[in-house]
Amino acid sequence: GAGVSQSPRYKVAKRGQDVALRCDPISGHVSLFWYQQALGQGPEFLTYFQNEAQLDKSGLPSDRFFAERPEGSVSTLKIQRTQQEDSAVYLCASSAGGWSEQYFGPGTRLTVT
Amino acid sequence: QKEVEQNSGPLSVPEGAIASLNCTYSDRGSQSFFWYRQYSGKSPELIMSIYSNGDKEDGRFTAQLNKASQYVSLLIRDSQPSDSATYLCAVIIESGGSNYKLTFGKGTLLTVNP
């Protein structure tokens with residue numbers, strides 16, 4: 001079946017603009033995760049959903065970051081008033097449940113100019 | 001101390017050799033361990049998971065886990081140039097308040113020379 005999909009694949013935003021990044025998990029996967037990956041680093045956890053419930057948002061770097069998954073499938077990561085330090089690859093992953101194997105989407109590369 | 005540590009490399013091996021990638025972790029209570037492969041410009045791809053002490057083999061890949069030493073490794077037999085990538089070790093670590101998170105090392109860059 002289809003894997004995790006993310007859109008857009010690339011996004012260039014001017015500093016101060018708002019952006020929305022979309023993730024479509026593997027069909028039937030109840031758990032969805034967002035990560036941020038800087039160049040030369042491993043992915044860093046941002047937030048975790050089980051169905052529509054956001055169970056952990058401790059990794060979100062500031063209150064400019066907001067994630068939702070209103071119907072328990074597609075998720076959106078929104079970044080308000082983007083800053084240069086927000087430039088990174090944003091990865092979405094899904095798993096069949098809880099903390100089992102996670103499968104990653106292709107990522108969205110965000111560049112803030 | 002970082003929660004998951006890997007040598008950043010680069011690790012260079014000749015084609016056909018065994019590549020050995022190592023990882024240590026800080027949370028003694030961790031139970032779930034994963035290896036991901038990441039090609040340049042691509043996203044991480046899960047290649048192995050391991051939950052019990054000992055070895056787990058899948059094709060040319062063998063994951064080894066030693067919970068007492070807080071050590072997990074990945075062996076790649078008969079290395080091929082197509083194995084050249086960054087290998088990420090990831091561990092489920094308790095992050096407080098009954099929360100857990102998948103925590104990654106920085107990754108080891110492997111180059112397999114033809």
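Bear in mind that the values here come from a model prediction, so they are computed numbers and not experimental data. In what follows, every chain begins at residue 1, and chains take the letters A, B, ... in the order their sequences are listed.
- Within residues 10-19 of chain A, no residue has any heavy atom under 4.5 Å from a heavy atom of chain B.
- The nearest pair of heavy atoms linking B:Asn99 to A:Leu55 is OD1-O, 4.0 Å.
- Remark: A:Glu85 CD is packed, more than 12 non-hydrogen atoms of other residues, nucleotides or ligands lying under 6.0 Å away.
- Counting heavy-atom neighbours within 6.0 Å of A:Asn51 CG, excluding the residue itself, gives a total above 12.
- Put simply, the side chain of B:Phe104 reaches to within 4.5 Å of the side chain of A:Tyr35, judged on heavy atoms.
- Within the 4.5 angstrom heavy-atom criterion, only side-chain atoms of B:Ser95, from C-beta onward, approach chain A.
- The side-chain heavy atoms of B:Ser43 and A:Val89, taken from C-beta on, include no pair separated by under 4.5 Å.
- If you chain together hydrophobic residues whose side chains sit under 4.5 Å apart, B:Leu75 and B:Phe61 never meet in one group.
- Smallest separation of non-hydrogen atoms from B:Pro44 and A:Leu91: CD-CD1, 3.9 Å.
- Here the straight-line distance linking atom CD of A:Glu101 with atom CG of B:Leu102 works out to 10.5 Å at 0.5 Å rounding.
- Taking B:Ser49, B:Ala90, B:Gly107, B:Cys89 one by one and counting their heavy-atom pairs under 4.5 Å with chain A, the maximum is reached by B:Ser49.
- Under the 4.5 Å side-chain heavy-atom criterion for Ile, Leu, Val, Met, Phe, Trp and Tyr, B:Val91 and B:Met48 are members of the same hydrophobic cluster.
- At a threshold of 4.5 Å between side-chain heavy atoms, the hydrophobic network of Ile, Leu, Val, Met, Phe, Trp and Tyr places A:Leu110 and A:Val4 in two separate groups.
- Side-chain contact between A:Tyr103 and B:Leu46 is present, with heavy atoms from C-beta onward closer than 4.5 Å.
- Looking at B:Gln6, there are no atoms closer than 4.5 Å to chain A (heavy atoms on both sides), in backbone or side chain.
- Hydrophobic clustering, with ILVMFWY side chains joined whenever heavy atoms are under 4.5 angstrom apart, keeps B:Tyr100 apart from A:Val30.
- To the nearest 0.5 Å, atom CD1 of residue B:Ile93 and atom CH2 of residue A:Trp99 are 11.0 Å apart.
- Applying the 6.0 Å contact sphere to NZ of A:Lys57 captures no more than 12 heavy atoms from other residues, nucleotides or ligands.
- A:Phe104 has its side chain within reach of B:Tyr36: a pair of non-hydrogen atoms, C-beta onward, lies under 4.5 Å apart.
- Both the backbone and the side chain of B:Lys101 come within contact range of chain A, with heavy atoms under 4.5 Å apart.
- Hydrophobic clustering of Ile, Leu, Val, Met, Phe, Trp and Tyr side chains at less than 4.5 Å, counting indirect connections, keeps B:Ile47 apart from B:Tyr39.
- In this structure, CZ in B:Phe34 is found 7.0 Å from CD in A:Gln102, a value given to the nearest 0.5 Å.
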